[in-house]
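Below: the structure, in structure tokens.
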Amino acid sequence: MTTKSLVIRPVQVTDARAYLCFLNQVVQETPFLPIAAENLAMSEAFCELTLRAVLDSSTDALWVAVDGAKIVGAARLVSEPEPGLQHIGEISVAVLKAYWRQKIGTQLLDALLQAISASGQPRRIVLTVQARNQGAIQLYQQFGFQIEAKLEASYYDPAVGMLPVLQMVRLINIE
């Protein structure tokens, strides 16, 4: 599906319903994105509270790709709250299958990384990706992420069994 009205922007509290629909759809479409069951079962009101907390945070972020009123992609940053670890943030990126191969993940990741760079925090960006997800690995490498470790038998897919994942890292604002 191609779109001419795609907008990449920070999430808004009013996106709660659309974000829940996105999460429920994307988890059905891809074996690459494990989402906790409680996140799929959250109410719209709880999702609004969660989005408000992200917006109020100086170290967490959530950017969305919106086609009309539908969220078709998201890039999330979750930072460590503990002193001594606050310089570490973990990112995730997901796009609905009908919108794959249209550079939406690239646009989302670019927007998120620009926001991180402008804010100065976090400085160590980490992510975990299944070793079989070559498209995502290439995307992350284009943005300067490097493979830090391969973790064997770290993800279980009922269709194929235990799978390795890669831990990737990028340092930002380190002088």
Side-chain angles (χ1 to χ4, degrees), residues 1-3 6-11 15 19 22-23 25-36 39-40 54 57-67 71-81 85-157 159-175:
M1 175 175 289
T2 1
T3 177
L6 188 76
V7 175
I8 306 291
R9 62 168 172 77
V11 75
D15 290 327
Y19 187 61
F22 165 76
L23 289 176
Q25 184 175 345
V26 78
V27 78
Q28 298 298 316
E29 293 181 346
T30 178
F32 300 124
L33 188 67
I35 296 178
N39 288 338
L40 296 175
V54 168
S57 170
S58 62
T59 57
D60 291 351
L62 176 56
W63 285 72
V64 291
V66 182
D67 184 10
I71 293 177
V72 300
R76 175 92 193 260
L77 166 71
V78 178
S79 297
E80 295 290 337
L85 297 177
Q86 293 175 342
H87 67 286
I88 300 171
E90 183 169 6
I91 64 166
S92 58
V93 179
V95 176
L96 294 180
K97 194 170 190 173
Y99 293 82
W100 287 2
R101 313 242 185 284
Q102 296 180 46
K103 304 287 184 194
I104 294 171
T106 301
Q107 293 175 59
L108 283 163
L109 188 55
D110 185 52
L112 182 61
L113 291 174
Q114 283 186 36
I116 292 168
S117 186
S119 74
Q121 283 291 341
R123 295 186 311 240
R124 178 180 167 83
I125 311 300
V126 298
L127 62 89
T128 303
V129 60
Q130 292 179 33
R132 65 182 174 168
N133 192 349
Q134 290 301 307
I137 293 165
Q138 290 173 0
L139 171 66
Y140 298 135
Q141 288 175 328
Q142 288 172 8
F143 279 92
F145 284 85
Q146 297 179 347
I147 297 170
E148 190 170 57
K150 181 177 182 180
L151 308 170
E152 295 295 338
S154 292
Y155 181 78
Y156 178 73
D157 181 335
V160 294
M162 299 301 283
L163 298 168
V165 301
L166 302 177
Q167 192 156 18
M168 300 183 76
V169 66
R170 177 177 167 185
L171 301 178
I172 296 180
N173 301 319
I174 303 274
E175 295 152 13

Q130 and V165: CA distance, side-chain angles, deciding distance, side-chain contact (heavy atoms from CB on, under 4.5 Å) verdict: CA-CA 4 Å; Q130 292 179 33; V165 301; 4.3 Å; yes
Run the side-chain contact (heavy atoms from CB on, under 4.5 Å) check on V54 and R76 step by step: do they pass? CA-CA 9 Å; V54 168; R76 175 92 193 260; 3.3 Å; yes
Check step by step if side-chain contact (heavy atoms from CB on, under 4.5 Å) holds for V93 and L127. CA-CA 10 Å; V93 179; L127 62 89; over 6 Å; no
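Evaluation of the side-chain contact (heavy atoms from CB on, under 4.5 Å) rule for A131 yields P164, L166 as partners, not counting sequence neighbours.
When atom types are taken as modelled, the side chain of W100 and the backbone of V95 share a donor-acceptor pair closer than 3.5 angstrom. A donor-acceptor contact shorter than 3.5 Å links the side chain of S79 to the backbone of T59. Under the 3.5 Å distance criterion, the side-chain polar atoms of Q86 are matched with a main-chain donor or acceptor of P81. Of the possible polar contacts, none joining the T106 side chain to the I104 backbone as a donor-acceptor pair under 3.5 Å is found.
For the atom pair CG of D15 and CG of L62, the computed distance is 8.5 Å after rounding to the nearest 0.5 Å. Rounding to the nearest 0.5 angstrom, the gap separating the CG atom in L23 from the CD atom in Q28 is 11.5 Å. Annotation: the span from L112 atom CG to I125 atom CD1 amounts to 7.5 Å, rounded to 0.5 Å. Atom CD of Q107 is separated from atom CG of L6 by 6.0 Å, given to the nearest 0.5 angstrom. Note: Q121 CD to S117 OG = 11.5 Å, rounded to the nearest 0.5 Å. Taking CH2 of W63 as the reference point, atom CG of L113 lies at 11.0 Å (rounded to 0.5 Å).
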Mind listing the side-chain donor-acceptor pairs of residues 137-151 below 3.5 Å, one per line with the distance, residues two or more places apart or on another chain?
residue: E148; atom: OE1; partner: R124; partner atom: NH2; Å: 2.7
residue: E148; atom: OE2; partner: R124; partner atom: NH1; Å: 3.4
residue: E148; atom: OE2; partner: R124; partner atom: NH2; Å: 2.9

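Contact of the L77 side chain with the E90 side chain is not registered, since no non-hydrogen atoms from C-beta on lie closer than 4.5 Å.
Here the closest heavy-atom approach between residue A94 and residue F22 is recorded as O-CZ, 3.5 Å. The minimum heavy-atom distance linking V64 with L108 is given by the pair C-CD2, 3.6 Å.
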